[in-house]
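Counting starts at 1 for both ligands and their atoms, in listed order.
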Amino acid sequence: MPSPTLSLQTTTLWEYPSQHYGKGEQGSSDYRGATPSWVIWNLLQRYTQPGDLVVDPMCGSGTTLDVAKDMGRLGIGFDLQPHHPKVKEADARDLPMEDEVADFVFVDPPYGTNLKYSGKPECIGELDARKDEYFEAMGKVFEELWRVMKPGSHGGVFVCDVWKRKEFVPIGAQFIYLLVQAFKVVDHITVVRKSKSLEQGNYHKAAEETNYFLRGFSHLLLFQKEEVDADSPEKKGGGSPRGSRRQGRGRGRG
Ligand SMILES: C[S@@+](CC[C@H](N)C(=O)[O-])C[C@H]1O[C@@H](n2cnc3c(N)ncnc32)[C@H](O)[C@@H]1O
């Protein structure tokens, strides 16, 4: 498939034409679950400037780092099991980083147990998205992102819903609920998935016979860490997500 022309998307419906852009590849095509680099390129083009620091706490094969480098941004990536020489080993809930240093964050987490990654007990891909523990773990990842982000900076999370054992798990909607506890959610983009498996007839036959829908899109949720007025009671209240938007928001799964 030819490489896509890199162009800034202007609607909330993105249909990425291929996994990589240009002649080479970003991240690794051998890595199952890599993010389409064209999605990250669009986010960095819109929300960052050359020289900005971009952080990905679940960086896998390093797609975010490769795109950041192509665009003259600085990239720092972590993963429990790095698959790129520049990705460092760390848990996304406890990043070895100072507070408020990132100009942009991007994360493409495991969608429950859809793929096998490291198998380590800390791997969030070992947690079933039908259970609260998955959302509790992802809530901690979002809190850690909030900590390392500069006030006013943006982030993106790329995730797909799950249909598993006759049960629909609306991960995208649950993530919006988690994100609004700490951030301002600034947009919701639908990214159409060009998955080879979706082209296979047997998948469609099973979807018809068992009466379910194959997942045709991913959610791209965009959020912002709001700047807090130095004199506001929120700032005096501790400088954590719990001290700001979390208050008075009720309780969800996470
Ligand atoms: C969908 S993949 C990310 C793919 C990546 N964006 C790329 O393009 O290669 C999800 C990643 O989350 C990592 N992961 C799972 N739990 C983690 C945790 N607690 N801390 C850090 N990384 C974790 C997995 O090892 C896996 O590499």
**Student:** Does ligand 1 have any atom that is closer than 4.0 Å to a heavy atom of Arg93?
**Tutor:**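 Right, Arg93 reaches ligand 1.
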**Student:** So which heavy atom in the protein is nearest atom 8 (O) of ligand 1, and how far is it from that ligand atom?
**Tutor:**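 For atom 8 (O) of ligand 1, the nearest protein heavy atom is Thr63 OG1, 2.6 Å.
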**Student:** Please report which non-hydrogen protein atom sits nearest to atom 10 (C) of ligand 1, along with the residue it belongs to and the distance in Å to one decimal place.
**Tutor:**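 Here the closest protein heavy atom is Asp108 O, 3.4 Å.
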**Student:** Keeping Thr210 on the side-chain end and Ala207 on the backbone end, is there a donor-acceptor pair under 3.5 Å?
**Tutor:**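 Side chain of Thr210 to backbone of Ala207, a donor-acceptor pair under 3.5 Å: no, none is there.
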**Student:** Considering distance alone, does some N or O of Asp91 sit under 3.5 Å from an N or O of ligand 1?
**Tutor:**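 By distance alone, the answer is yes.
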**Student:** Any idea how Phe183 and Phe223 line up, ring-wise: parallel (<30°), tilted (30 to 60°), or perpendicular (>60°)?
**Tutor:**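 Rings of Phe183 and Phe223: tilted, as their planes differ by 30° to 60°.
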**Student:** Could you find the nearest protein heavy atom to atom 6 (N) of ligand 1 and give me its residue, atom name and distance?
**Tutor:**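 Its nearest protein heavy-atom neighbour is Thr35 OG1, 2.7 Å.
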**Student:** Is it the case that His84 and Asp66 place a side-chain donor and acceptor less than 3.5 Å from each other?
**Tutor:**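 Distance-only check passes for His84 and Asp66.
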**Student:** N/O to N/O below 3.5 Å, does that happen between Gln81 and ligand 1?
**Tutor:**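 No, since none of the N or O atoms of Gln81 sits under 3.5 Å from an N or O of ligand 1.
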**Student:** When you compare ligand 1 with Pro110, is there at least one nitrogen or oxygen pair between them that comes in under 3.5 angstrom?
**Tutor:**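 It does not: no N or O of Pro110 is found under 3.5 Å from an N or O of ligand 1.
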**Student:** Say whether Cys59 and ligand 1 are in contact under the criterion: heavy-atom distance to a ligand atom below 4.0 Å.
**Tutor:**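 It does, in that a heavy atom of Cys59 comes within the 4.0 Å cut-off of ligand 1.
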**Student:** Between the main-chain N or O of Glu122 and the side-chain N or O of Glu126, is there a donor-acceptor pair closer than 3.5 Å?
**Tutor:**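 It does not hold such a pair.
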**Student:** Considering the heavy atoms of Glu122, write down every atom of ligand 1 situated less than 4.0 Å from one of them.
**Tutor:**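 Result: 19 (N).
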**Student:** Quick check against the 3.5 Å criterion: does Lys88 have a side-chain atom that pairs as donor or acceptor with the backbone of Phe78?
**Tutor:**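 No: the side chain of Lys88 does not pair with the backbone of Phe78.
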**Student:** Among all the protein's non-hydrogen atoms, which is closest to atom 11 (C) of ligand 1, and how far away is it?
**Tutor:**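 So the nearest neighbour among protein heavy atoms is Asp79 OD2, 3.5 Å.
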**Student:** Would you say Pro57 contacts ligand 1, with heavy atoms under 4.0 Å as the rule?
**Tutor:**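 Pro57 counts as a contact of ligand 1 under the 4.0 Å cut-off.
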**Student:** So do Leu220 and Phe106 actually touch side chain to side chain, heavy atoms under 4.5 Å?
**Tutor:**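 Yes, their side chains come closer than 4.5 Å.
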**Student:** Backbone, side chain, both or neither: what part of Met58 comes under 4.0 angstrom of ligand 1, heavy atoms only?
**Tutor:**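 The answer is both, backbone and side chain.
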**Student:** Atom 4 (C) of ligand 1: which protein heavy atom is closest, and how many Å away?
**Tutor:**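 Residue, atom and distance for the closest contact: Gly33 O, 3.4 Å.
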**Student:** Give the residue and atom name of whichever protein heavy atom lies nearest to atom 22 (N) of ligand 1, and the separation in Å to one decimal.
**Tutor:**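 Ranking protein heavy atoms by distance from atom 22 (N) of ligand 1, first comes Leu80 N, 3.3 Å.
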**Student:** Quick check on Ala90 - does any of its heavy atoms sit under 4.0 Å from an atom of ligand 1?
**Tutor:**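 So Ala90 counts as touching ligand 1.
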**Student:** Yes or no on ring pair (Phe, Tyr, Trp, His ring centres under 6.0 Å) for Tyr31 and His83, after CA distance, side-chain angles and deciding distance?
**Tutor:** CA-CA 8 Å; Tyr31 181 81; His83 282 263; 4.9 Å; yes
**Student:** Which residue owns the protein heavy atom closest to atom 20 (N) of ligand 1, what's the atom, and how far is it?
**Tutor:**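 Looking only at protein heavy atoms, the one closest to atom 20 (N) of ligand 1 is Ala92 N, 2.8 Å.
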**Student:** Using a distance-only test with no angle check, is there a side-chain donor-acceptor pair under 3.5 angstrom linking Ser118 and Gln81?
**Tutor:**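 Ser118 vs Gln81: no donor-acceptor pair found between side chains.
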**Student:** Look only at the side chain of Lys120 and the backbone of Leu80, and say whether a donor-acceptor pair between them is shorter than 3.5 Å.
**Tutor:**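 It does hold such a pair.
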**Student:** Identify, by atom number and element, the atoms of ligand 1 in contact range of Cys123, meaning under 4.0 Å from any of its heavy atoms.
**Tutor:**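 Taking each heavy atom of Cys123 in turn, ligand 1 has 15 (C), 16 (N) under 4.0 Å.
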**Student:** Residue-level breakdown please: for Tyr31 versus ligand 1, do any non-hydrogen atoms fall below 4.0 Å on the side chain, on the backbone, on both, or on neither?
**Tutor:**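 For Tyr31, only side-chain atoms sit under 4.0 Å from ligand 1.
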**Student:** If hydrophobic residues (ILVMFWY) are linked whenever their side-chain heavy atoms come closer than 4.5 Å, directly or via other members, who joins Leu65 in its cluster?
**Tutor:**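 Its cluster mates, by chain and number, are Val87.
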**Student:** Below 4.0 angstrom from a heavy atom of Ala34, which ligand 1 atoms are there? Numbered from 1 as shown, please.
**Tutor:**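 Near Ala34, the atoms of ligand 1 are 7 (C), 8 (O), 9 (O).
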**Student:** Tell me whether Ile124 has any N or O atom under 3.5 angstrom from an N or O of ligand 1.
**Tutor:**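 By distance alone, the answer is yes.
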**Student:** Does Ile40 reach the side chain of Thr35, with side-chain heavy atoms less than 4.5 Å apart?
**Tutor:**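 Yes, side chains in contact.
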**Student:** Going by side chain to side chain contact (heavy atoms under 4.5 Å, CB included), name the residues that satisfy it together with Thr12, two or more places apart in sequence or in a different chain.
**Tutor:**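 Partners of Thr12 by the side chain to side chain contact (heavy atoms under 4.5 Å, CB included) criterion, ordered by chain and then number, come out as Asp187, Ile189.
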